[in-house]
Amino acid sequence: MMTANWWWDIQVSFSRDSATISPVILASDKTTLSRMSGDKSAWPVYLTIGNIDKDVRRKPSAHATVLLGYLPVAKLECFSEKRRSLEGYRLFHKCMRTLMEPLIEAGKTGVLMTCADGKVRRVYPILAAYIADHPEQALIAACQENYCPKCPVGPNKRGEPVFSCLKDPDRVSAVLRKVSEGVEKPSEFAEWGLRAVEPFWDGLPHANIFSALTPDILHQLHKGVFKDHLVSWATKAIEGGEDEIDRRFKAMFKHSDLRHFKNGISLVSQWTGTEYKAMEKVFLGVVAGAGDERVTRAVRAVLDFIYYAHFETHTDETLNGLHQSWLAYHKYKSVFVELKIREHFNFPKGHSTEHYEPSIRGVGTADGYSTEHPERLHIDFAKLAYGASNKQGSYIKQMTRWLERQEAVARFARYLEWALSPPVSSPPVQSESTAPPREPPSMPRSRDLLDLEGSRDRTQSLREPSGASNCLQIHPATLSHSVPVHSAAPPTNAHPPEIRNMASSNAPGQPSGSRDHLHLSGPQARELARTAPNHSALPQPSGLRPSQTAPDTGTPLGSTVPSIARPTASNANAEEENNDDVGNDKEWSHGYRVAKTPAFPSIPISTIVADFGTTYFAWCLKDYLLKISRGDLTRMNHVADIELQDTTHVAVYKQCKVRLPAMRQVTTSPVVDIIHASPSHPGPSPLTTVPAYMSTVLARDPSIVSPTMPPYVFDHKKPLQGLRVARVRAIFDLPKVYKAQVLGVTDPLAYVEWFTPFNTVDSATGMYIVAPSTRQRERHVSVLPLTHIIRSCHLIPVWGKSIRNHTISGDILDNLQTKFYVNPYLRHQDFVLFRQLCNT
């Protein structure tokens, strides 16, 4: 957000050069609390600030987003059915105005805050972004749901690519003010589809609510444009309909980053964000060639738009790619009208794509404002709290009190950890009289994100009584008071799980750094250490095992630490082990990782040939060894003196791991990629067989590079130069009959089958087309070092009009007559490689 236009524009608008801006980011989303039966709901409002990096804000374990309050969920049965909707709008804005009241004065005059570097600055908290789905965006913008919340375009013109400027909040407020005063309704009231309310954002300094409404990738793109509309349209446009689509999904090749719909998609009853994304990865290959070419081009345009919208870093080039995808969709969508599948395209989620590019330029990339994050927070701040209540009429107050106590316990556990732990580093030896006292840890509280002067005194008497007054302050259901957002400066580099840069928040009346209330020495310290609660024994805010995942997002539900407390040593070690695949550079010094003990420590070559399908294993291995021995007489003699026999034993692995480098467009950290080479084997039940799982990869082209060339260096101008698709049949160590030191072979080897070079691009899909490569009517195979395998890739068969036209026996990758698309949607890294950089 720091590089977006909004921040620059706001900073320039201040006359004082020294003004420090704190962009306030709100999120709200109604969620159901009852399980199986009941109608209990909660409506949490969350708050974070743009000064915190989005990578930190999106991590629930970082606690960079706090619960501001609960909005009332009322049925409003006291009103007639006709008036309930309007009164619901008014209730929402009344409650939000109460919540936002402290921001008005603070945004005008600023608040003196002590920042993480110890300096005092005047900070101006200003509403910059509001994360919500479409119904809630309409509620926030005070307009009807069949109108655009952001721009004044009419409901009958939303289906066309017509540029429309955003609504002017001053004009909208003036119109609503006239309506509330009983004056004759201006023409804009009906033209913009407004509702007669007093908007909460009227009066917020420097705030533009219409530019603050951010893109919602989950509901607008994944669920809306793609699943609810495009999939249905494309299915109807294909001859054979659902049956043909299901057959193509069933025939899709497996990949570790891909969900295999073994029963097709028509029978899936529970759709979440995970299923939407899994479908998107292969959907273009599924529909390609099965219908009108314009259908394929429309599907491609939508998928390109979704993948560009997911970028974590944008340039003018990538935003132009986003825009061109949007234009291509509007160019080819008319085919659905011609096929009588659609009559118009006036639906709000389709129109919302128009605002993505301006919003990204204004407030930052769309991935930082996804509604997936607030939905994940519902687990910690709503569902678990409800589970701890008696689920009766006062459950909101009980949830509030439970969250306060959880945070109090976590804060005290954090303090005990500090009190009982030795200093992190050992400075030069000093006497006790001269050694400076250790400062107590900073204890961030939910209201410590912003310090709004005067708000504490104004609202202290209205708070819900609680024994933990310094804990999380949350609205009760009635929202009869303001929520104080009080005390310390925002952290500038908060990193999970430690939140170090907040101001100290000791107990009331306790001076900062004082430890007079806790004397630890000798037996007392040992006894306290023995009885102090273990982090793992404290009540967990998630209450679930770390292995469980959140619906829609695939994010881990549970955490093994309290809400604010740092992880214990054991938990920290576990985290290091989980991230070891990516983060330990020493383990990746060769660019790959294999198991310490091979899955098949010693099997004869005859078994490798029969089970792995490596027909020319001995010949290819010897050919490879001769190539690397050229010019070295000792090596060549050593290779020539040894003849491989069918009984020669070899150590074989089932898989290896390579590390994909970080791509700033889609990820800031390396990604582990798994390469499989596993033969078929008996299944868990009798008479069942688990099929072979052998990955297709991008490897260095043997016709261009030699086995002794230097390591591969990625060239973003020619990303596929020197690369070729191959299928890994076996991963193995050099047989022990050879002397590895003499030959200089230190890495495992791979037996691969090659596909044709990247020479053909399909015009409709923009995907590369490859086919099995042959030499004298036999598969082109070779042995290469594992370091020549760059990454895995995914192939999709070119089915044509109908999959029934293909007679498939055995593995289709062995069919020399079949062509394959190279899938650019497997991962976001693949999209950057095959779409953006290759410009296909």
Side-chain angles (χ1 to χ4, degrees), residues 243 245-270 272 274-275 278-279 281-282 285-286 545 547-549 554 581 593-615 617 646 649-657 672-697 726-733 748 750-753 772 779 792-797 799 803-804 806-815 818 820 823 826:
D243 292 338
I245 293 290
D246 284 343
R247 284 192 291 268
R248 295 186 178 217
F249 269 104
K250 293 175 184 178
M252 202 61 60
F253 296 142
K254 293 174 60 178
H255 191 279
S256 55
D257 289 319
L258 187 66
R259 171 175 173 174
H260 181 61
F261 293 90
K262 62 180 181 179
N263 297 319
I265 61 172
S266 61
L267 298 179
V268 178
S269 58
Q270 187 73 26
T272 65
T274 303
E275 280 75 27
M279 284 179 60
K281 293 180 179 183
V282 297
V286 167
R545 296 185 299 274
S547 60
Q548 292 178 287
T549 57
D581 279 347
R593 288 184 62 181
V594 294
K596 294 180 180 179
T597 303
F600 306 98
S602 180
I603 58 176
I605 290 180
S606 58
T607 303
I608 299 177
V609 172
D611 294 349
F612 290 81
T614 56
T615 307
F617 182 88
D646 289 346
H649 282 65
V650 183
V652 182
Y653 301 89
K654 281 187 176 181
Q655 66 178 31
C656 71
K657 297 179 181 179
V672 173
D673 190 9
I674 303 177
I675 312 296
H676 294 272
S678 176
S680 61
H681 56 276
S685 57
L687 303 179
T688 61
T689 301
V690 177
Y693 188 5
M694 296 175 178
S695 299
T696 51
V697 299
R727 184 191 193 189
V728 180
R729 279 285 188 179
I731 302 171
F732 59 96
D733 284 330
Y751 179 98
V752 300
E753 297 173 340
R779 285 301 298 264
S792 69
C793 65
H794 184 246
L795 301 184
I796 301 175
W799 298 118
I803 193 174
R804 291 183 181 273
H806 294 259
T807 303
I808 305 169
S809 58
D811 193 336
I812 191 173
L813 285 173
D814 293 331
N815 190 333
T818 304
F820 303 90
N823 187 2
L826 175 64

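Just the heavy atoms: all of them, side chains too, but no hydrogens, waters or symmetry mates, feed the values below. FYI, the numbering just counts along the sequence from 1.
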Name every donor-acceptor pair, under 3.5 Å, that has one atom in a side chain of residues 252-259 and the other anywhere in the protein, sequence neighbours excluded.
{"residue": "His255", "atom": "ND1", "partner": "Asp257", "partner atom": "N", "Å": "2.9"}
{"residue": "His255", "atom": "NE2", "partner": "Ser792", "partner atom": "OG", "Å": "2.8"}
{"residue": "Asp257", "atom": "OD2", "partner": "Arg827", "partner atom": "NH1", "Å": "3.1"}
{"residue": "Arg259", "atom": "NH1", "partner": "Glu275", "partner atom": "OE2", "Å": "2.5"}

**Request:** Only counting residues at least two apart or in another chain, list the ones meeting ring pair (Phe, Tyr, Trp, His ring centres under 6.0 Å) with Phe732.
**Result:** Phe617

**Request:** To the nearest 0.5 Å, tell me how far Ile674 CD1 sits from Arg593 CZ.
**Result:** 11.0 Å

**Request:** Considering non-hydrogen atoms only, spot the tightest contact between Thr614 and Ala730 and give its length.
**Result:** CG2-CB, 4.0 Å

**Asked** So, for Ala651 and Pro598, which heavy atoms are closest and what is the spacing to 0.1 Å?
**Response** CB-CG, 3.9 Å

**Donor-acceptor contact present, side-chain Ser695 to main-chain His676, <3.5 Å** = yes

**Message:** Is any side-chain heavy atom of Arg779 closer than 4.5 Å to one of Pro772?
**Reply:** yes

**Message:** Less than 4.5 Å apart, side chain to side chain, heavy atoms only: is that true for Phe261 and Met279?
**Reply:** yes

**Asked** Hey, which of Asn815, Thr696, Leu813, Ile796 is the one that makes side-chain contact (heavy atoms from CB on, under 4.5 Å) with Phe820?
**Response** Leu813

**Complete:** Rounded to the nearest 0.5 angstrom, the NZ-CG distance for Lys250 and Asn263 is 6.5 Å

**Closest approach of Ala251 to Trp799 (non-hydrogen atoms, all atoms of both residues)** = CB-CZ2, 3.7 Å

**By side-chain contact (heavy atoms from CB on, under 4.5 Å) - contacts of Val594 (at least two apart)** = Tyr592, Tyr653, Cys656, Pro748, Leu786

**Request:** State whether the side chain of Arg248 and the backbone N or O of Val286 hold a donor-acceptor pair below 3.5 Å, judged by distance alone.
**Result:** yes

**Request:** Using atom types as modelled and distance alone, determine if a side-chain donor or acceptor of Asn823 lies under 3.5 Å from a backbone N or O of Gly285.
**Result:** no

**Request:** Calculate, to the nearest 0.5 Å, the distance between atoms CG and CG belonging to Leu826 and Asp673 respectively.
**Result:** 8.0 Å

**Request:** For Ser685, enumerate each residue passing the side-chain contact (heavy atoms from CB on, under 4.5 Å) test, keeping only those at least two apart in sequence or located in another chain.
**Result:** Thr688

**Request:** Under the side-chain contact (heavy atoms from CB on, under 4.5 Å) rule, collect the residues that match up with Pro679, sequence neighbours excluded.
**Result:** Phe600, Asp611, Phe612

**Fill in**
Residue set satisfying side-chain contact (heavy atoms from CB on, under 4.5 Å) with Pro604, at least two apart, ordered chain then number -> Ser606, Thr607, His649

**Asked** If you look at every heavy atom in Ile675 and Ile731, which pair is closest and at what distance?
**Response** O-CD1, 4.1 Å

**Message:** Determine whether Asp246 and Ile265 satisfy the following criterion, side chain to side chain contact (heavy atoms under 4.5 Å, CB included), listing intermediate values before the conclusion.
**Reply:** CA-CA 6 Å; Asp246 284 343; Ile265 61 172; 3.7 Å; yes

**Asked** With a 4.5 Å heavy-atom cut-off, do Arg727 and Asp814 have their side chains touching?
**Response** yes

